[in-house]
Structure formats: structure tokens, C-alpha cells
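Reading through the C-alpha cells given below for one structure.
Just so you know, these numbers use all the heavy atoms, side chains as well, and skip hydrogens, waters and symmetry mates. A, B, ... follow the sequence lines: proteins, then strands. Residue 1 opens every chain.
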There are 2 protein chains.
Amino acid sequence: MSAGLTERRQAILKLVIQEFVETACPVASETLVRKYRLNVSPATVRNELAALEELGYLTHLHTSAGRVPTDAGYRFFVENLMERTALPLAEQRTIRHQFYQVRGELDQWIQLAGAVLARTTQNASLVTPPRSAEPLRFRSLELIAIHDTMALAVLVFHGGIVKQQTVTLDAVRSAEELRRAAARLSDYLADQTLSGIEETLARPPEQQTLMLSDFERGLVEMLVRAMQTFEEQSREQIHSDGLIEMLSQPEFIPALVREDAERAVERLRRALEILKSGRGLGTLIPQVLASDGVQVIIGGENSADEMREYSVVLARYGVENAIAGVLGVIGPTRMAYPRSISTVRYISSLMSDLLAELYNVESRISEGEALEE
Amino acid sequence: MSAGLTERRQAILKLVIQEFVETACPVASETLVRKYRLNVSPATVRNELAALEELGYLTHLHTSAGRVPTDAGYRFFVENLMERTALPLAEQRTIRHQFYQVRGELDQWIQLAGAVLARTTQNASLVTPPRSAEPLRFRSLELIAIHDTMALAVLVFHGGIVKQQTVTLDAVRSAEELRRAAARLSDYLADQTLSGIEETLARPPEQQTLMLSDFERGLVEMLVRAMQTFEEQSREQIHSDGLIEMLSQPEFIPALVREDAERAVERLRRALEILKSGRGLGTLIPQVLASDGVQVIIGGENSADEMREYSVVLARYGVENAIAGVLGVIGPTRMAYPRSISTVRYISSLMSDLLAELYNVESRISEGEALEE
DNA sequence: CTTTAGCACTCTCTACTAGAGAGTGCTAAG
DNA sequence: CTTAGCACTCTCTAGTAGAGAGTGCTAAAG
């Protein structure tokens, strides 16, 4: 047929996608004409739809069932047709207020970000904790007595990263003993990375600048172990939320999708595995960490077969040259991309602001409008 | 007809339940005879099945489809027919070893407990963090410098409960300033509950034993807020895991359950809500906290309609008179109760041991067989 | 060359029917 | 009390027909 993506065809493509995203039903030529009051006949639309199909932006499930967008169709929509709106101000305000309620607690920010993303997009969300690209660099150790024989070790790393770990002691230790041991070790190992610490410890006795007591040696071992597991964990950790929200999408309701019903469950299992373990996301997270702006991955565009039915909208958040994480939304390819994108953009910039505040100077403990712009 | 649960009927009931739990298919008289080599004819079994049905332990979906246990049937099985085996030693060892790997970290224990419960029972698990029945009682505050204007506040409460919170400071403070402020507040507020602290602060100036600086006042506000949210949160918090495992149960695979397929999704949504928010569990958690041993709640026995299709196996864990939580398994009423019960029993006693170690004297930091019996 | 009306064609969905299969419940004999 | 035999019930499957939806094509109109 005739080549070229004329204006009118683009307009029709846009309508098809909007309609399909809204209703989840294949869209027919007549529906378009009626619902959007087009000044042409269904037959004309049909011709255009056929052209769009030939161009690869739409498909047919079978002869005679409306058109459905392909991945390429969504891609074109996201790239060229979509209006880039920001999240409504009222909604922004509500969200900001919720974050304000839990100020000072990174874990809660992460959880809240996930919840908000899920709720406003009606899809599942994922958030990775912010992390420095650098290896962990030890800064100081504090030991806080909790019991006679139990203490809390608080490991502080450069970049404001903190890890706590309970330690059972080999004997009753006074607070003073704890303080001294912590100070000695903080001094001894300050500013070193995990491998640096291991090197220091491996030096022959005559090169050691400090003789460690058995107690202190035990603490260092704990420290090393904690750093190891911490680095491993934070590399992979993904928080997710919004399963229930995503489950309310018609794709997961067998009766609505006229379809195997088996596939609905299979689809769900896949989503669960992606959300739980990140399997299927492949190298996406590092990629997003290395790029700016909101990234949209539609269907099987970028990764394994497992993701073929899902789209992902991700963005980096964090503080330049210090710390960064990824957050975003995952759901069926039939997704309200404009809304997802604007939500992800807003939440990521909000999280970035919050983190920046933690890292900067102007904020204060004494309440107030810390989070207002 | 004839009344009474004869030996033989009990034996048959047991077989029906075992068979149904294994296969998820209604069990027929002939199947029983063939598979278990009964020395009676199918007709005899049929008579017994009819009697068991009249007694309320079995049902019929329709004339001519095998028997299915009722809630009462499961209940009788759990109470009287089931062998109470312990978890195989090899499995115990594996589990113990996994816990040993993450010694010292309560959060990880909780997560691990959930994962192990889910994996060994092939159902979903839930774990509430251990908590004291008493209100939080403040013990001490530590402030650890992280940045120029950022510190980590570590709040230590009686019972070894610890909460960390990031604090942004109103000005640059030296480590010494932080230390002194923390020490003063620790002293001032030591051993008080939340309401006690609020009272202390509300006293008129002339009764105050300590003049607080603005900085210290800000810290106290943070402290109060943290205690409030902490108490609220820990009251409701439920960790869950094993959705994927539970999803592999035939109840969630519409093609296997000859059934609406709609219901499978609805069922799943319910499970999700229960696991996420604890809704539907009602007063179950407090009840279990107040009782010893493993509690089994079958179907709608104890609570709302939402739980009608699920059974729950729960147990308390913790340290007598100090701290306690609840952990357990949730899944379709067609559940391998013996296995669930023995797993829950084992994990709860393991968690109790681990917590007891944290609270007691004999353990040591220096590696070794801390977790072996 | 584009648009449109008309119409045949394709494919799904629903309802209906019939027959096979599974398993029970009943009856009557051992 | 047990059991063989058999009728009965209910599900499941397959097949058929008709309605409905929507397209693709053709030919005429603008």
C-alpha cells in the first residue's frame, strides 16, 4: 500500500492506543468514528488501520477483531505522540506531604515511593535502595551497649551509609570498654574499603601499627562479614509493591481477556518472579543507573522472553557523584504511559531532592517547610 | 446411618485426607481400595464414606464426584489422626546452618524464617517481628556524626530494641557536642515510656531538672515522633513471603480446579490482601501471642469470610516475659498439615533459641558453634 | 486519487445437543 | 455386615448452528 506515516495515521494510531489502554478491548474502526466523532467513515478508518498494520504499529488477533497496538506502536506513541504532562499539582502536594511525614528515614522513603508509584499508576512498582558506585569505605564504628553481653554495632560508611548489626559479646564489657574498642578500631581502619581492611589485617605482625585484643579481633571479623554481605545485598536488593494494584488490571482477569486463563496465571507468576528477584530485568538496572531521564522499555524490546508481556518505566534517582538508585513501574504493555512516566519522573525527582537535602547544608532539624519547594 | 466414628471410618477419613491433600482431586471409593489395597470392596467404602459425610467430615460437590474433606474433617484429622512427626534431622540441620550464616541480624532472621517456611511447606508464610508486650521504655540515645549536618540517632530501648533514625542538624555540630547532647538526654529521659517522656516535657519550667537547648529540644521531638511511629508500626507489621510457592498450588491454577477461573484470581487477591495488611486475620495474632504451641485455624473456623478458603498454622516465638512474635504458614485448606505444623514448630523454637541467645549469657562473639544445640 | 457505501467473508461466542465417563446410591443377595 | 450389580446423576467433551462483530474488498461517487 501507500507508504508513509501521514498526520492522519498518527492521529488514528494515537486514538487506537488511548482507546485500547482505557478499555483493554481491541478497537474497531466504527468505535473510533463514533466515540471520537471523526469526520470520516469507518471504511476510511479501516483503510488507515490496515496501513498502520502494514507499517507494523498495529496487529490483528484474528480477522475481524479490532486492532491492538504492537510494541512498535507503543514505542512510537511514547516517542512522538504522547503529551508530556506533569503530575497534577494537587497530587504532587499530597505525595510530598506523605514523604514529609516520614522524613529522616530512608527505608520509609523507599517503601513510600513504592506504594505511591503503585497506587497512582495502578501497577506494580520497584525501587532499589540508593547506593554509591564506589565500594563501601569504612568511616567509623560505634558500639552501643544493649545488654550485659549484647551490643549494637553501628557501622558508618562514607556517603552517609549506615548499617547496624547486633553483636553478642564474649564477656561482660563496660560501656567504657566498648567505647574504647570502637574508637581504636575506627581509628585503625578509617577510610578503608573492604579489601583494604582485609589487607591491613593480613599484614605480618611486625608491620601492624596496632595490637588487637581478641575482643577487637572478633569485632573486626564481624565488621568484615557485615561489609561483605552488605555489598552483596545492596547490589541486588529490590523493593517492590503494588501486586494487588497490578492484579486489578484486566490482563490478570481471565474472563475479560478471552484467553487461556492458564496464561493469566503464568503471566502473574512471571511478574512475581521479576518483582521478587529481579530476574528478567537483566542488565536494565545498571543501564538505567547510567542514564538520565525516564527510561521506557516496552514488551520484549530489551530483554528476555519473560518480559515480553510487560513494560517497564524506570528512572534513576539520587545525588550526583554520590549515591543513586532506580525506581519505577512495571505492568502490562497496555499501560497508561503518560501517567506512568510523569509519576516516575516526579517521584524520582522528589527522592533525589530528599536525598540531596540529607547531603546538603540548608536543612534543619526543627520542623518547618523542609520539603516544600 | 449408624452413628459413631468407628476405627475403620477414622482410618478411611485419614486416607481420604491424605489422598486429597496429595492429589487435589476429589477421591473416589474405588481409588481408595486400589491405591491403598484395602481388603474390602468399593461398595463398603462407599457406605463408610456416606456415613462420614453424614457425620460432617466429608462432602460431595455433586452426586458422583469423589469426596472432599470439610473443615471439620481436617480438624478431626489434625486433632486425632495425624502423626506428629518432627522435621527430618537433615532438614533441621540445613535450616540451622542458614540461620547461622546471618547470625546477629534480627531482620535477616525474620526474612529467612519467612523464606524457609514458604519453601518447606510450599505455601505463603508470615512473620511478625518480635515485640515486647510492654510499651517502649527509653534507655539511651546515641548520636553518630555522618556528615557535617547529618547524624544518625540510635535509640536504644529496654529489651534490646533498637531503632535508628537519620537526623539533619540545625547547624554544624562537633562530635563532642553530639556526644554531650546525647548523654544529657539519655540521662534525662532514661527508663521512661513515651507517655512519661511527654509528661516530663510538659512540666512547667520551674519543675524541670534540666534546661534543654533548642538543639536538644529538637532532638527530643524527633525522639517522641520516632517512638510513636515505631510503636504504631511494630504493632501491625507483618512480613510475608512465599507467594510464588503458594501460587504453584493447584488451587490457583484454574485449569486444574474445574471452576470459574474467576474465583482463582479472586482467591489470590484475597491471599495478597491478607499477607500484605493482615486484614482477615482479625484477632488471630494477639490470640496466638497469648497461647502456647502451634495453633491451627482451618478455613472459616475462626474469622471472617475472607479466610474461608484458607488455613493458617501459627506459633508464637520469643523469650518468656520479654519479647514475642508470631510466625506461620498460610495456604489453601487442602494443606499438608503435618508438614506445616512440624515446620512451624521447628522454626518457632529455632527463632526462640536464637532470641534467647541474644538475651542470655553463654554465647560469644568469636564464631564457633553458637547455633548448634 | 481519495472517500465511501455495500456486502461477502472470517472468526468468535453462545447455546444446544448428544454421548461418554466417572462415581455414587440403592437394592437385593451372600 | 459385606458385596455385586445396576440405575441414576452429573460432568466433560465434541460437534453443530446461528448470531454478532468487524474486517477486506469492490465498485461507485466526489
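Of the candidates C:dG6, C:dC11, C:dT24, C:dC11 carries the atom nearest the A:Ser64 side chain, counting heavy atoms from C-beta on. Of the candidate nucleotides C:dT24, C:dT4, C:dT3, C:dT4 has the atom nearest to the side chain of A:Ala43. With C:dT24, D:dT23, D:dT2 as the choices, the nucleotide that has an atom nearest any side-chain atom of B:Leu49 turns out to be C:dT24.
Closest non-hydrogen pair, A:Ala24 versus A:Pro250, comes out as CB-CG, 3.7 Å.
Between its opening and closing five pairs, the helix from C:dC1-D:dG30 to C:dG30-D:dC1 changes axis direction by 20°, a value rounded to 10 degrees.
Between B:Arg46 and the phosphate of D:dG5, there is no side-chain N or O to OP1/OP2 separation shorter than 4.0 Å. Distances shorter than 4.0 Å separate some side-chain N or O of B:Thr44 from OP1 or OP2 on D:dT3. In this structure, B:Ser41 reaches the D:dT3 phosphate: one of its side-chain N or O atoms is under 4.0 Å from OP1 or OP2. Regarding contacts with the backbone of C:dT24, a side-chain N or O of B:Ser29 is found under 4.0 angstrom from either OP1 or OP2. Side-chain nitrogen and oxygen atoms of A:His62 include none within less than 4.0 Å of the OP1 or OP2 phosphate oxygen of C:dT10. At the phosphate of D:dT2, OP1 or OP2 sits under 4.0 Å from a side-chain N or O atom of B:Arg8. Regarding contacts with the backbone of D:dG24, a side-chain N or O of A:His60 is found under 4.0 angstrom from either OP1 or OP2.
Following rounding to the nearest Å, A:Leu58 (CG) and D:dG22 (C1') show an atom-to-atom distance of 15 Å. Going from atom CD of B:Glu48 over to atom P of D:dT3 covers 11 Å, rounded to whole Å. Here the C1' atom of nucleotide C:dT2 and the CD1 atom of A:Ile12 are 13 Å apart, to the nearest Å. For the pair B:Glu7 CD and D:dC1 P, the interatomic distance rounds to 16 Å; values are reported in whole Å. Distance CG (B:Leu32) to C1' (C:dT24): 13 Å, rounded to an integer number of Å. Rounded to whole Å, atom C1' of D:dT23 lies 11 Å from atom CG of A:Asn47. Summarising the geometry, the separation between CD on A:Glu53 and P on D:dT23 is reported as 10 Å, rounded to the nearest angstrom. Atom CG in B:Leu61 sits about 13 Å away from atom P in D:dC10, given to the nearest Å.
Looking at B:Glu251 and B:Arg334, a side-chain N of the basic residue comes within less than 4.0 Å of a carboxylate O on the acidic one, giving a salt bridge. Salt bridge B:Arg67/B:Glu19: absent, no basic N to carboxylate O contact under 4.0 Å. B:Asp71 and B:Arg308 are not joined by a salt bridge, as no carboxylate oxygen comes within less than 4.0 angstrom of a charged side-chain nitrogen.
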query: Where do A:Ser41 and A:Thr44 land on the side-chain hydrogen bond (donor to acceptor under 3.5 Å, both in side chains) test, with the steps shown first?
result: CA-CA 5 Å; A:Ser41 73; A:Thr44 308; 3.2 Å; yes
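Taking a 6.0 Å sphere around CD of B:Glu53, one finds it holds more than 12 heavy atoms contributed by other residues, nucleotides or ligands. With a 6.0 Å radius and a threshold of 12 heavy atoms from other residues, nucleotides or ligands, A:Glu301 has its CD atom above the threshold.
Remark: side-chain polar atoms of B:Ser291 are paired, donor with acceptor, to backbone N or O of B:Val288 under 3.5 angstrom.
Heavy-atom distances to DNA chain C give each of A:Asn39 and B:Ala28 a nearest nucleotide, and the one nearer the 5′ end belongs to A:Asn39.
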